[in-house]
Amino acid sequence: MVVGGFFGDEGKGKIVSYISYHDKPAIVARGGVGPNAGHTVTFRGKQYKLRQLPSGFVNETSRLLIGPGVLINPNILLKEIRETGVNPKRVGVDYQCGIIEDTHIKRDQKEDLKGRLGTTGTGCGPANADRALRILKLARDVDQLKEFLTDVPGELHEAIDNGEEVLIEGTQGTFLSLYHGTYPYVTSKDVTASAICSDVGIGPKYVKDVLIVFKAYVTRVGAGPLPGELSEEEAEKRGWLEIATVTGRKRRAAPFNFELARRAVKLNSATMIAITKLDRVYPDTYGVRDFDKLSDEAIEFVRRVEKEVGVPVKIISTGPDIMDTIDLRY
Ligand code: IMP
Ligand code: MG
């Protein structure tokens with residue numbers, strides 16, 4: 001399972017696509033909130049921004065599932081299937097996924113949500129509210145999704161029982177969790193590893209490893225506290241000024257936060273760490289694929305993360321392409 005350790009946008013899309021390509025899991029299943037998340041995948045010179053489809057699409061043998069805890073905007077899902085060119089037969093949507101309709105998007109874009117909290121305006125909060133009220137439409141009620149409908153927990157358990165590898169893709173980040181984050185500046189659900197398990201319908205005992213993704217610096221979009229926040233000018237100078245995938249907003253930035261990282265590891269019972277965008281902090285590491293070729297300074301940072309957080313760093317990303325990766329898992 002892959003989860004986000006900060007405020008989302010840690011680079012989970014890159015990590016999930018790399019692992020999928022390398023490990024060739026039978027299934028890649030997506031958990032998390034819904035199309036408020038944007039996972040960026042750079043593969044064979046092309047960039048994809050995925051808000052619904054699992055980032056594991058790059059491995060052609062993986063089945064691509066979306067768990068019942070995840071909200072679906074059918075138009076966005078269908079568009080991504082077209083744009084990635086995946087065979088629609090590979091895609092499965094659980095019967096019980098909640099459906100985002102125009103009314104949810106309208107409600108989300110109203111002042112109290114988008115204005116006060118800086119939500120993504122994608123309808124996720126209002127749709128989850130309707131789900132709690134038990135009035136939300138489910139995927140099984142939507143004609144557009146008919147050909148994709150499946151029992152996602154059933155498929156996952158069949159694969160697990162057959163000894164096949166399964167990769168679960170979490171979205172958002174630990175401190176956007178409705179329970180563990182910086183409430184009220186959070187998303188509309190828990191998004192830690194336990195919630196991601198529940199989203200796809202597997203219990204915690206089936207999870208062999210929880211890989212938590214930390215970017216080498218911290219970013220956040222929307223309102224809410226960001227310890228050590230830099231001015232926009234300083235973020236730009238350091239090359240840390242990013243543009244949000246879903247909303248096009250500028251992301252706020254801060255240096256790596258060891259205290260948050262320690263807490264995130266606990267909340268997710270993470271067993272390994274991935275560090276992304278190391279090259280944005282140590283430019284001489286750009287594109288490096290061999291740990292021994294990292295600069296001393298960069299290695300020192302990686303060692304410090306391990307020491308202060310207490311979990312080994314197993315994957316390091318040094319560039320956007322899925323192959324710009326150092327894999328220390330084996
Ligand atoms: P909502 O999830 O659209 O309701 O937005 C609530 C808060 O979570 C806002 O600050 C959003 O910017 C943030 N958020 C939700 N999903 C993501 C994500 O995938 N990456 C980064 N921030 C997110
Ligand atoms: Mg994102």
Side-chain angles (χ1 to χ4, degrees), residues 2-17 30-42 47-55 66 69-73 76 80 98 100 104-132 169-192 195-196 199 213-215 217-226 229 240-254 260 264 274 276-277 317 320:
V2 174
V3 294
F6 289 140
F7 298 92
D9 309 315
E10 300 92 353
K12 292 177 294 294
K14 148 82 193 246
I15 298 298
V16 169
S17 55
R30 187 156 165 158
V33 183
N36 51 352
H39 286 184
T40 304
V41 175
T42 307
Q47 196 186 63
Y48 304 87
K49 293 178 184 294
L50 303 171
R51 296 167 57 186
Q52 301 261 230
L53 209 59
S55 304
I66 303 177
V70 180
L71 294 164
I72 303 275
N73 179 326
I76 296 176
E80 289 178 3
I100 296 175
H104 300 116
I105 297 173
K106 282 199 194 95
R107 278 155 64 194
D108 202 5
Q109 298 199 344
K110 276 201 251 160
E111 262 319 285
D112 61 324
L113 283 166
K114 206 172 174 182
R116 183 168 64 97
L117 304 179
T119 70
T120 59
T122 52
C124 292
N128 274 334
D130 280 0
R131 182 137 193 178
E169 173 175 5
T171 67
Q172 281 80 31
T174 299
F175 299 102
L176 290 177
S177 161
L178 182 62
Y179 301 151
H180 305 291
T182 53
Y183 187 88
Y185 303 105
V186 293
T187 191
S188 51
K189 283 206 331 205
D190 182 23
V191 289
T192 60
I196 305 296
D199 286 339
V213 184
F214 295 122
K215 194 153 59 185
Y217 49 98
V218 184
T219 60
R220 158 161 223 174
V221 279
L226 176 60
E229 182 168 2
W240 299 356
L241 194 65
E242 302 177 357
I243 304 297
T245 308
V246 173
T247 56
R249 295 179 290 188
K250 281 182 186 157
R251 290 182 184 146
R252 302 154 60 199
L260 288 181
T276 60
K277 295 208 172 178
S317 170

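Note: hydrogens, waters and symmetry copies are ignored here, and every other heavy atom, side chains too, is used. As the structure is a computational prediction, the values presented were derived from the model and not from experiment. Each ligand, and each atom within it, is numbered from 1 in the order the structure gives.
Atom CG of Leu226 is separated from atom OG1 of Thr219 by 8.0 Å, given to the nearest 0.5 angstrom. Note that CD1 of Ile76 and CG of Leu53 are 12.0 Å apart. Values are rounded to the nearest 0.5 Å. In this structure, CZ in Phe7 is found 9.5 Å from OG1 in Thr174, a value given to the nearest 0.5 Å. In this structure, CG in Asn73 is found 11.0 Å from CG in Asn36, a value given to the nearest 0.5 Å.
Shown here is Gln47, whose CD atom has more than 12 heavy atoms of other residues, nucleotides or ligands within 6.0 Å.
With a heavy-atom cut-off of 4.0 Å, Cys124 does not touch ligand 1 at all. Neither the backbone nor the side chain of Tyr185 comes within contact range of ligand 1; no heavy atom lies under 4.0 Å.
Of the listed options Val186, Leu117, Thr120, Val186 places a heavy atom closest to atom 6 (C) of ligand 1.
For ligand 1, the atoms lying closer than 4.0 Å to a non-hydrogen atom of Val221 are 10 (O), 12 (O), 21 (C), 22 (N). For ligand 1, the atoms lying closer than 4.0 Å to a non-hydrogen atom of Gly118 are 9 (C), 10 (O), 11 (C), 12 (O). Atoms of ligand 1 lying under 4.0 Å from at least one heavy atom of Phe7, given by number and element, are 21 (C), 22 (N).
Residue Thr171 places every heavy atom at 4.0 Å or more from ligand 1. Residue contacts with ligand 1 leave out Ser188, since none of its heavy atoms falls under 4.0 Å from the ligand. Proximity of Asp9 to ligand 1 is established by a heavy-atom distance of less than 4.0 Å.
A salt bridge (charged side-chain N to carboxylate O under 4.0 Å, His left out) with Glu242 is found for exactly one of Lys250, Lys277, Arg220, Arg252, namely Lys277.
Ligand 1 has an N or O atom lying under 3.5 Å from an N or O atom of Arg249, backbone or side chain. Considering backbone and side-chain atoms alike, Asp108 places every N or O at 3.5 Å or more from each N or O of ligand 1. Residue contacts with ligand 1: Thr187 is placed with a nitrogen or oxygen under 3.5 Å of a nitrogen or oxygen of the ligand (distance criterion only). Polar contact with ligand 1: absent for Arg220 (N/O pair, distance under 3.5 Å). Backbone and side-chain nitrogen or oxygen atoms of Gly125 are examined, and none is located within less than 3.5 angstrom of a nitrogen or oxygen of ligand 1.
Defined by atom type and a distance below 3.5 Å, a donor-acceptor pair is present between the side-chain atoms of Thr119 and Asp108. Checking Thr171 against Arg51 by side-chain atom types alone, no donor-acceptor pair falls below 3.5 Å. Under 3.5 Å, the side chains of Ser55 and Glu169 contain a donor-acceptor pair of N or O atoms.
Backbone or side-chain N, O or S atoms of Ala244 do not reach the Mg ion (ligand 2) at under 2.8 Å.
For atom 18 (C) of ligand 1, the nearest protein heavy atom (residue, atom name, distance) is Asn36 O, 4.0 Å. In terms of protein heavy atoms, atom 5 (O) of ligand 1 is closest to Thr119 CA, 3.3 Å. What sits closest to atom 14 (N) of ligand 1 on the protein, heavy atoms only, is Leu176 CD1, 3.6 Å.
Of all N/O/S atoms in Asp9, OD1 sits nearest the Mg ion (ligand 2).
Across all non-hydrogen atoms, the minimal contact from Cys124 to Leu71 is O-CD1, 3.4 Å.
Relative ring orientation between Tyr217 and Trp240 is described as parallel, the plane-to-plane angle staying below 30° on a 0-90° scale split at 30° and 60°.
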